[in-house]
Structure formats: structure tokens, C-alpha cells
S.K.: 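Following this message is one structure expressed as C-alpha cells.
Within every chain, numbering begins at 1; the chains are lettered A, B, ... in the order of the sequence lines, protein sequences first and strands thereafter.
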Amino acid sequence: MPEGPELHLASLFVNRMCEGVVFTGSVKKSQVSKRPDVPFTSEAYRITAQSRGKEVRLTLTPIKSDDVKQSVKAGHSDQPMDIIFHFGMSGFFRFTTEDELPKHAHLQFYSNEKPCRVLSFVDARRFGGWQPNGTWQPDRGPCIMFEYETFRENVLTHLSDRAFDRPICETLLNQKYFNGIGNYLRAEILFRLNIQPFVKARTVLEGLLCKDKKAEETTKTEISDQAVKNAAVEPLDLLSLCHTVPLEVVKQGGKGYDPEKADYSAFEAWLQCYCVDGMKSIRDHNSRTIWFKGDPGPMAPKNSKSPKAKKRVKKEDNHDYATQKKVGEGVTKARTVKQETLTEKVKKEKVPEKQTGSKRQRIQNGKEMSMPQQNKRSSARRKSSSTEMVLQKSGHVTRQSSK
DNA sequence: CGTCCACGTCTAC
DNA sequence: TAGACCTGGACGG
């Protein structure tokens with residue numbers, strides 16, 4: 001789940017599932033977790049969520065009781081508590097009955113219902129975590145999705161920072177400036193503008209300085225919605241795509257990037273570059289895999305090897321945020337249902353639905369930088385162009401590379 | 001079986 | 001610029 005869109009979808013999930021639900025008692029932590037205990041206990045409380053970049057904040061709010069004494073019980077909180085989560089590589093929220101608690105549910109909030117239900121933070125790899133009584137991490141910049149104007153300003157007023165000495169693909173993972181961008185987003189964003197991943201970040205971004213000054217004189221853009229509109233009208237630039245591309249993922253609903261999910265194919269079809277057959281991939285200076293097309297650019301690491309990508313297979317289990325029922329009736333999606341039928345959900349049926357059947361293949365490349373198979377008009381290529389049409393219809397022009 | 005890979009930070013030579 | 005922190009799925013033998 002772990003890039004900005006997935007964190008935001010998680011917050012939407014919590015708010016939807018927990019609306020009207022009353023939680024009770026203490027917050028339980030799994031035995032194996034090394035994360036802090038959550039010192040909160042309440043007879044009756046509600047849970048709401050908000051996201052910012054790659055963090056989610058849960059707010060536990062005790063419900064006022066007529067019985068004053070009850071709320072004063074020893075050890076019981078009458079004050080709200082914020083808990084800040086980061087998801088690591090594998091974190092997400094689920095809402096299930098008690099006996100359906102998923103494996104790796106490391107933090108659990110119990111409802112007061114008869115067959116009790118549990119909101120749990122699930123994190124197989126345990127790279128994620130939480131901070132009770134937490135605040136947004138101060139070292140993280142404004143959210144690329146919901147604090148667009150501040151995000152943009154934060155970047156453009158700090159271009160002298162040495163963070164921008166690095167290749168753009170590496171700077172895009174710097175959460176001090178790009179809070180919410182992760183490995184698949186950086187690839188998708190650079191690809192759409194045909195920006196070589198290993199061009200110096202400052203070189204790419206300093207051109208936007210004068211552009212913004214111009215805009216300042218003419219129009220005043222203050223809210224994010226406005227920025228979205230402008231982005232659709234004005235020439236696209238790297239920073240505006242850092243805003244709109246993640247929002248496209250949010251718009252799709254579901255859980256975003258989640259290969260284990262039953263209907264992962266919708267997200268997979270949205271990808272134009274990351275893990276797409278025919279694209280190149282190499283390791284950056286932090287040994288993270290960057291996917292791209294064409295020339296890597298002047299700052300590409302020497303001797304960089306390309307990791308071997310592997311195919312992924314969808315699983316039966318379905319814990320899609322979008323499809324879970326209000327009642328925690330588990331995972332009873334018929335296994336016989338075809339994937340095609342599970343993957344409609346293309347907002348606004350304006351777009352003629354596409355062949356969801358064709359599937360992208362992972363590259364099986366060698367040790368050296370992988371090159372696209374020349375004579376292999378991959379289905380991915382077709383797919384890219386059809387995806388592009390979808391995007392254009394929704395107002396997002398893509399500078400597709402169609403060569 | 002074993003090896004490689006994964007949506008992300010962290011801190012220690 | 002390496003590891004460390006972890007689990008588990010895909011693949012190869």
C-alpha cells in the first residue's frame with residue numbers, strides 16, 4: 001500500500017468502515033511487534049483518519065457519556081488521541097470480525113458490537129509503525145496530493161539545497177520535498193514527461209521558477225482544486241504531475257498498488273512504465289529499481305545492473321478497500337468469478353471499456369541494463385496507448401512517447 | 001529446497 | 001554506500 005495514494009485510500013477506508021462504529025476498551029498490540037504500546041482506553045470511542053503524504057493519522061475520540069464517573073474510571077481516557085502511522089513496504093488497515101483477524105495484525109481496535117469487529121493495522125514485514133500521541137513527522141514535506149501549493153513552493157524555494165544535486169529520480173524519493181512519492185510513482189511521472197531519470201534534479205526543476213513567477217503576476221492560485229484545473233490547462237510540468245498522477249490512482253479507488261489483491265489488473269493496466277514489458281530498469285545509487293524508457297541520462301550509475309523482474313500472480317484473497325462490505329463477512333468472493341467482471345469500476349463509463357484480459361508481463365532480463373525487445377510489439381504498448389486515451393478523456397493530457 | 005525480489009525508511013562503517 | 005529491518009511470492013534446480 002505504501003505510496004501516497006495507498007495511504008490516502010487507507011484513510012478513506014477507515015472513515016467509511018468506522019463511520020457509526022463504536023470502539024471500546026484498550027488498543028491491543030501483537031506479541032511480536034516492537035512498536036510502542038498505545039496507552040489509550042475508553043468505554044466508547046470513535047475512529048477517524050486522515051492522510052498526509054506517506055503518513056496516516058488515526059484519531060481516537062471518546063464519546064461523551066452521561067455517567068461522569070464512568071469516564072473518570074481509572075486509566076480511561078476522556079481526551080482524544082492521535083496515532084501517526086507509516087506503512088513501510090506492506091502496511092494496510094483491515095476491518096474484520098474478531099475470528100477473521102488477519103495474520104500480521106499488529107495493532108487492533110475493538111468495536112463494542114455483539115460479534116465484535118476489529119480495525120487492525122496489518123503489516124507482514126513490520127517495516128511500518130506508529131507513534132501514539134504523534135504529529136506529522138516534521139522532516140516530511142507537504143503532501144503532494146493535498147497540499148499542492150505548499151509542496152510546490154517548498155521545492156522551488158529550496159532548489160539550492162544539495163538534495164537537488166542528485167539525479168531527479170532519486171530526489172523524487174526525498175520525502176522532505178516529495179512526501180508521498182514512491183518507487184512506482186517516480187517512474188510513472190518521469191515517463192509521462194519523457195524526462196531522463198538521471199538528469200540532475202535542479203536542471204529539471206529550475207526552469208519552473210520563472211514559470212511560477214509569471215503565473216504569480218497574472219493569476220493567484222491558492223487551493224489545490226484550482227491547481228488541478230490549472231494543471232489541466234497549463235503546460236504540464238514535473239511538479240504538477242507529482243500532484244495529478246497520484247490523484248489518478250486515488251480516483252481508481254480500491255487499494256491502489258497491491259499485487260496480492262484480486263483485481264490488481266485495474267491498477268496494472270494504469271501503469272505505463274513501472275514493471276511494464278518493454279521498459280528498461282536499472283538500480284539507482286540507493287539500489288532502488290528505476291523503470292524508464294529511452295536514455296537513462298548523464299548521471300546514471302556506472303555498471304548498474306538491472307534486477308530480474310518476475311511475474312506476479314493474483315491471489316484469491318480479496319481485501320480490497322473498495323469492495324469490502326459494511327458487515328465483516330470475510331472473504332467470500334466467489335473464486336469462480338472471472339477477473340474481468342471484478343475489474344470494471346472505470347469511473348464514468350464515458351470511456352469505452354478496454355480489454356482487461358490482456359496482461360502485462362514482467363521483464364525477464366539479463367544482468368546488464370535491460371533493453372526493450374525490439375521485435376515484440378508487446379501488448380503493453382497497446383495497453384499504454386489505450387490507457388492514455390482514458391487519461392486524456394479525464395482531462396489529463398499525457399505526453400506519451402509513442403514513437 | 002534456495003535465490004531473488006518487493007509499494008520504505010534508518011544508522012552505522 | 002552498504003547493510004539492517006522482515007515476510008512471502010515467484011522461479012529455478
S.K.: Which atom pairs, one a donor and one an acceptor, fall under 3.5 Å between side chains of residues 163-177 of chain A and the rest of the protein, sequence neighbours left out?
M.R.:
| from | atom 1 | to | atom 2 | distance (Å) |
| --- | --- | --- | --- | --- |
| A/D165 | OD1 | A/R202 | NH1 | 2.9 |
| A/D165 | OD1 | A/R202 | NH2 | 2.7 |
| A/R166 | NE | A/E170 | OE1 | 3.2 |
| A/R166 | NH2 | A/E170 | OE1 | 2.7 |
| A/E170 | OE2 | A/H285 | N | 2.9 |
| A/T171 | OG1 | A/A163 | O | 3.0 |
| A/T171 | OG1 | A/P167 | O | 3.3 |
| A/N174 | OD1 | A/K176 | N | 2.9 |
| A/Q175 | OE1 | A/R140 | NH2 | 2.8 |
| A/Q175 | OE1 | A/G180 | N | 3.0 |
| A/Q175 | NE2 | A/L173 | O | 3.1 |
| A/Q175 | NE2 | A/F178 | O | 3.4 |
| A/Q175 | NE2 | A/I181 | O | 3.0 |
| A/Y177 | OH | A/D161 | OD2 | 2.4 |

S.K.: With Watson-Crick and G-U wobble geometry limited to distances under 3.5 Å, how should the secondary structure of DNA chain B be encoded in dot-bracket form, using | for bases paired to another strand and [ ] for crossing pairs?
M.R.: ||||||.|||||.
S.K.: Any donor-acceptor pair under 3.5 Å linking the side-chain atoms of A/D123 with those of A/S90?
M.R.: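 Note: A/S90 and A/D123 side chains meet the donor-acceptor criterion.
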S.K.: For a quick check of understanding: with a heavy-atom distance under 4.0 Å over all strands, which category does A/S287 fall into, base, sugar-phosphate or nothing?
M.R.: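 Touches nothing.
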S.K.: Over how many whole Å does the gap from A/D258 atom CG to B/dG8 atom P extend?
M.R.: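 Checked: the CG to P distance equals 14 Å.
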S.K.: Could you work out the separation of B/dC13 and C/dC5 based on their P atoms and round it to a whole Å?
M.R.: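 Rounded to whole Å, the distance is 13 Å.
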S.K.: Just the rounded figure in Å: distance from P of B/dT9 to OH of A/Y177.
M.R.: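 From A/Y177 OH to B/dT9 P: 16 Å.
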S.K.: Roughly, in whole Å, what's the span from CG in A/N286 to C1' in B/dA12?
M.R.: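 Whole-Å distance recorded here is 16 Å.
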S.K.: Using the P atom in both, what is the distance from C/dC6 to B/dC1, to the nearest Å?
M.R.: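 Between the two P atoms, the distance is 23 Å.
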S.K.: Which of residues 118-131 of chain A sit near DNA chain C, with a heavy atom under 4.0 Å from it?
M.R.: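 A/A124, A/R125, A/R126, A/F127 - these, ordered by number, are the residues of the stretch whose heavy atoms sit under 4.0 Å from the strand.
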S.K.: Rounded to whole angstroms, how far apart are NE2 on A/H285 and P on C/dA2?
M.R.: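 Atom NE2 in A/H285 sits about 10 Å away from atom P in C/dA2.
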S.K.: In terms of relative ring orientation, are A/F87 and A/F121 parallel, tilted or perpendicular, with 30° and 60° separating the classes?
M.R.: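 Because their plane-to-plane angle lies in the 30° to 60° range, the rings of A/F87 and A/F121 count as tilted.
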S.K.: Atom CG of A/D284 to atom P of B/dT9: distance rounded to whole Å?
M.R.: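 A/D284 atom CG is separated from B/dT9 atom P by 13 Å.
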S.K.: OP1 or OP2 of B/dT9 sitting under 4.0 Å from any side-chain N/O of A/Q175?
M.R.: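 Indeed, a polar side-chain atom of A/Q175 lies that close.
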S.K.: Around A/E113, counting heavy atoms of other residues, nucleotides and ligands shown, do more than 12 lie under 6.0 Å from its CD?
M.R.: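 Yes, CD of A/E113 has more than 12 neighbouring heavy atoms, counting only those of other groups under 6.0 Å.
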S.K.: Would you kindly give the OH-to-P distance between A/Y264 and C/dG9, to the nearest whole Å?
M.R.: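 Distance check: A/Y264 OH to C/dG9 P gives 16 Å.
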S.K.: Rounded to whole angstroms, how far apart are CG on A/N174 and C1' on B/dC10?
M.R.: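 One finds 14 Å between C1' of B/dC10 and CG of A/N174, rounded.
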S.K.: OP1 or OP2 of C/dC5 less than 4.0 angstrom from a side-chain nitrogen or oxygen of A/K34, does that happen here?
M.R.: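 Negative; the distance criterion is not met.
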S.K.: Say whether, by atom type as modelled, one donor and one acceptor occur between the side chain of A/H243 and the main chain of A/I144 under 3.5 angstrom.
M.R.: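 It does hold such a pair.
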S.K.: Just how far, in rounded Å, is C1' of B/dT9 from CD1 of A/I84?
M.R.: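 After rounding, the reported distance stands at 16 Å.
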S.K.: Could you tell me whether the phosphate oxygens of C/dG8, OP1 or OP2, come under 4.0 Å of any side-chain nitrogen or oxygen in A/H104?
M.R.: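 Yes.
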S.K.: Using the six-membered ring wherever Trp is involved, compare the ring planes of A/F85 and A/W130 and label them parallel, tilted or perpendicular (cut-offs 30° and 60°).
M.R.: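 Tilted, since the angle between the ring planes falls between 30° and 60°.
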S.K.: Check whether any side-chain nitrogen or oxygen of A/R283 sits under 4.0 Å from OP1 or OP2 of B/dC5, and answer yes or no.
M.R.: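 Yes, A/R283 has a side-chain N/O under 4.0 Å of OP1/OP2 on B/dC5.
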S.K.: Need one value for A/R140: base, sugar-phosphate or nothing, where a base atom within 4.0 Å counts as base even if backbone is also close, heavy atoms only.
M.R.: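 Contact class for A/R140: sugar-phosphate only.
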S.K.: For A/H106 and A/V32, what are the C-alpha separation, side-chain angles and deciding distance, and is it a side-chain contact (heavy atoms from CB on, under 4.5 Å)?
M.R.: CA-CA 8 Å; A/H106 296 302; A/V32 291; 3.6 Å; yes
S.K.: As a test of understanding, state which of A/L58, A/L9, A/I47 forms a side chain to side chain contact (heavy atoms under 4.5 Å, CB included) with A/F93.
M.R.: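 Testing A/F93 for a side chain to side chain contact (heavy atoms under 4.5 Å, CB included) against A/L58, A/L9, A/I47 leaves exactly one candidate, A/L58.
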S.K.: Classify the angle between the aromatic ring planes of A/F23 and A/Y45 as parallel (below 30°), tilted (30 to 60°) or perpendicular (above 60°).
M.R.: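 Taking A/Y45 first and then A/F23, their aromatic rings sit tilted (interplane angle of 30° to 60°).
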S.K.: Using atom P of each nucleotide, how far apart are B/dT9 and C/dG9 to the nearest Å?
M.R.: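 Approximately 23 Å lies between the P atom of B/dT9 and that of C/dG9.
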S.K.: Which one of A/W270, A/F92, A/F267 satisfies the ring-ring contact (aromatic ring centres under 6.0 Å, His included) criterion with A/Y257?
M.R.: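 With A/Y257 as partner, ring-ring contact (aromatic ring centres under 6.0 Å, His included) holds for just one option, A/F267.
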